[in-house]
Amino acid sequence: MKTRTKFVIGGAVILAVIVALSLQELQKMTVFFYTPAEVLASPGEFEDKTIRIGALVQKGSVDWNAQAIQLSFKITEDGKVLIPVYYDGVKPDLFREGQGVVVEGKMNGPRFEASQLLVKHSEEYTVDTEHKKSKEEYYKSIQAQ
Amino acid sequence: MDSMKKIILFLEWGSIAGLAGCGLWIFLGLPIESSQGFPQKIMYIHVPTFVATYLAFFVVFAFSIAYLWKRDLMYDQIAKVSAEVGLIFCALLLITGAIWGRPTWGTFWVWDARLTTTLLLFLIFMGYFLLRMSVSDRDKEARLASVLGIIGCLDIPIIHKSVEWWRTLHQPSTLFKVESGKASPSIPPELLNPLIASIMVMLLFYLYLLLLRYQTEKRKDELNQLLAETQV
Amino acid sequence: MIIGLEYVVAAYGIWVCTFIVYILLTKRRMKIAGQTVEALKQRVSDSADIPEITGDIENQN
């Protein structure tokens with residue numbers, strides 16, 4: 001009975017600490033990331049602060065230097081408001097043009113220096129139908145012969 | 001009691017066969033998803049696990065209310081075993097999610113709304129069992145646990161809506177996607193059908209675990225009653 | 001080698017192992033409880049016999 005009481009008290013204390021920490025994060029998480037427009041609208045507020053920006057990778061803006069392991073690209077929401085991002089690190093597998101990303105880092109003048117690059121994939125799933133079609137056509141062509 | 005055993009045995013073999021069948025379908029009979037590739041297969045364990053988690057805690061919610069209303073300890077027992085099974089599903093939900101996040105998002109964990117509220121659900125029900133352990137009076141335990149169970153389950157709609165209410169890294173719901181008032185899951189039928197099958201099998205598996213655990217609990221009650229009788 | 005195979009194996013592996021352990025533990029608990037119940041019932045019926053015997057002895061005296 002005594003060990004059980006100790007166990008319960010210990011568990012409750014640990015649990016309380018974790019819940020408190022989670023609730024602290026809960027306040028931050030309501031704004032998990034900002035949009036490019038929000039960041040550019042008030043540059044003074046975000047200067048020298050570690051923030052996250054979520055947006056899409058602008059098509060044709062990706063520059064991947066495999067030797068120096070440096071990645072640069074522009075992020076945007078609407079194709080008009082752009083922020084250039086610089087990231088020293090490996091390009092994630094799912095990183096693509098037009099893909100949603102969340103970058104964490106700091107604004108340095110007009111450019112954003114990212115320390116973390118996360119891919120925000122969409123809820124849409126697709127199967128490569130092109131591939132299947134070409135297979136079917138291939139079989140058809142064999143049967144025709 | 002004997003018919004209960006038969007049902008459990010039927011559910012046991014039914015869900016094991018179902019899980020194995022789904023496994024074969026998922027790994028041998030499906031095309032590779034085009035943007036994520038092979039790791040997309042984790043969806044077939046992650047999504048059914050969250051549906052089972054939702055159901056398990058919904059049962060906790062319903063039977064906690066039933067207990068407070070009727071004051072029958074049987075309801076409290078069902079709520080308790082469902083919470084235990086739900087807690088395991090919730091832990092596996094977090095684990096499979098983390099494993100899936102690594103190859104797709106590039107991280108195991110972020111403190112976004114969806115993930116944080118899910119962790120909160122897990123922690124609330126850890127507290128639920130600590131509460132049950134700390135109270136020795138059986139009726140008081142049931143009363144307090146029911147109240148905490150009801151409050152804890154209110155987190156579920158928050159988890160479900162979190163991806164719509166806040167900006168999160170987690171994508172919105174694929175399966176329960178609604179467009180202009182109509183359900184329209186954004187996934188092609190050849191990937192959707194095995195997902196629905198896995199969810200059905202998972203719910204069967206949940207039912208099996210619930211009944212198995214409930215039977216154990218009844219056996220334990222029988223034992224405690226006997227112990228009390230012999231000591232008197 | 002399929003890209004991402006290790007993640008899929010880990011996710012499914014942990015899931016399956018967790019439930020195997022959980023089900024086995026639950027069944028073992030049930031079995032032990034059942035055996036204890038049987039043993040206790042046995043003892044209750046044994047001890048129920050004893051007062052009868054002592055009662056007989058008292059009567060004889």
Side-chain angles (χ1 to χ4, degrees), chain A residues 1 4-35 38 52-54 89-96 98-104 116-132 135, chain B residues 30-37 39-40 43 100-107 110-120 122-136 158 162-163 165-177 185-192 195:
Chain A
M1 199 61 181
R4 198 179 77 163
T5 317
K6 270 184 202 164
F7 175 71
V8 168
I9 292 170
V13 168
I14 293 168
L15 208 68
V17 171
I18 301 173
V19 168
L21 285 175
S22 313
L23 286 176
Q24 207 180 1
E25 292 291 335
L26 205 78
Q27 284 179 321
K28 277 189 249 167
M29 98 206 169
T30 52
V31 192
F32 183 67
F33 55 77
Y34 297 99
T35 62
E38 283 169 352
R52 295 193 199 95
I53 308 178
V90 182
K91 194 167 73 160
D93 291 335
L94 290 183
F95 183 83
R96 257 156 243 172
Q99 174 81 51
V101 290
V102 175
V103 285
E104 190 179 294
Q116 195 183 23
L117 169 59
L118 300 174
V119 172
K120 180 171 164 52
H121 68 76
S122 82
E123 73 278 21
E124 279 167 31
Y125 293 84
T126 50
V127 173
D128 222 337
T129 40
E130 287 294 302
H131 182 68
K132 228 163 76 184
K135 224 175 176 178
Chain B
L30 287 192
I32 297 291
E33 202 267 335
S34 42
S35 77
Q36 286 186 23
Q40 185 263 336
M43 184 185 204
W100 195 11
R102 182 65 217 169
T104 50
W105 300 337
T107 181
V110 287
W111 290 100
D112 85 342
R114 174 53 79 78
L115 278 67
T116 310
T117 47
T118 311
L119 181 67
L120 202 62
F122 180 79
L123 295 174
I124 288 170
F125 278 92
M126 289 288 276
Y128 177 87
F129 283 104
L130 282 178
L131 177 72
R132 278 184 178 279
M133 287 168 86
S134 64
V135 182
S136 46
I158 299 175
S162 60
V163 285
W165 291 344
W166 298 298
R167 295 170 186 168
T168 57
L169 182 64
H170 195 289
Q171 70 281 9
S173 182
T174 301
L175 195 61
F176 300 112
K177 196 176 183 178
S186 52
I187 179 167
E190 60 254 65
L191 294 181
L192 178 64
L195 184 61

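Residue numbers start from 1 in every chain, and the chains themselves are labelled A, B, ... in the order their sequence lines are given, proteins ahead of strands. We use all heavy atoms of the structure for the numbers below, so side chains are in, but hydrogens, waters and symmetry mates are not.
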Query raised in the report: Using a cut-off of under 4.5 Å for heavy-atom pairs, which of B/G37, B/P188, B/G106 has the most such pairs with chain A?
Result: B/P188
Report task. Apply the test side chain to side chain contact (heavy atoms under 4.5 Å, CB included) to residues B/L192 and B/L175: give CA-CA distance (whole Å), side-chain angles for both, the deciding distance (0.1 Å), then the verdict. Result -> CA-CA 8 Å; B/L192 178 64; B/L175 195 61; 3.7 Å; yes
**Report entry** Side chain proximity check, B/Q171 to B/W105, heavy atoms < 4.5 angstrom
**Finding:** yes
Query raised in the report: A/E123 side chain to B/S186 main-chain N or O, any donor-acceptor pair under 3.5 Å?
Result: no
Query raised in the report: Side chain, backbone, both or neither: which part of B/Q36 has an atom under 4.5 Å from a heavy atom of chain A?
Result: both
Requested in this report: Please flag which part of A/L117 lies under 4.5 Å from any non-hydrogen atom of chain B: side chain, backbone, both or neither.
Outcome: backbone
Report summary line: Ranked by heavy-atom pairs below 4.5 Å to chain A, first place among B/M126, B/H170, B/K177 goes to B/K177
Query raised in the report: Considering all heavy atoms of both residues, which atom of B/W100 and which atom of B/Q40 are nearest to each other, and what is their separation?
Result: NE1-CA, 4.1 Å
**Report entry** Chi angles and distances behind the side chain to side chain contact (heavy atoms under 4.5 Å, CB included) call for B/L195, B/M43
**Finding:** CA-CA 8 Å; B/L195 184 61; B/M43 184 185 204; 4.0 Å; yes
Query raised in the report: Does A/E38 come within less than 4.0 Å of A/R52, counting only side-chain N to carboxylate O?
Result: no
Query raised in the report: Side chain, backbone, both or neither: which part of B/L191 has a non-hydrogen atom closer than 4.5 Å to chain A?
Result: side chain
Query raised in the report: Where does B/P103 contact chain A at under 4.5 Å (heavy atoms): side chain, backbone, both or neither?
Result: backbone
Query raised in the report: When heavy-atom pairs shorter than 4.5 Å are enumerated against chain A, which of B/P185, B/S34, B/G127, B/S35 gives the highest number?
Result: B/S34
Query - Given B/T168, B/L169, B/V110, the one that forms side-chain contact (heavy atoms from CB on, under 4.5 Å) with B/L115 - result: B/V110
Query raised in the report: In terms of ring plane angle, is the pair B/Y128 and B/F125 parallel, tilted or perpendicular, where the classes change at 30° and 60°?
Result: tilted
Query raised in the report: Side chain, backbone, both or neither: which part of A/S122 has a non-hydrogen atom closer than 4.5 Å to chain B?
Result: backbone
Requested in this report: Under 4.5 Å heavy-atom distance to chain B, tell me which part of A/Q116 shows up: side chain, backbone, both or neither.
Outcome: side chain
Query raised in the report: Top residue by heavy-atom pair count (under 4.5 Å) with chain A, among B/S173, B/P172, B/S134?
Result: B/P172
Requested in this report: Can you tell which part of B/S162 gets under 4.5 Å to a heavy atom of chain A, answering side chain, backbone, both or neither?
Outcome: neither
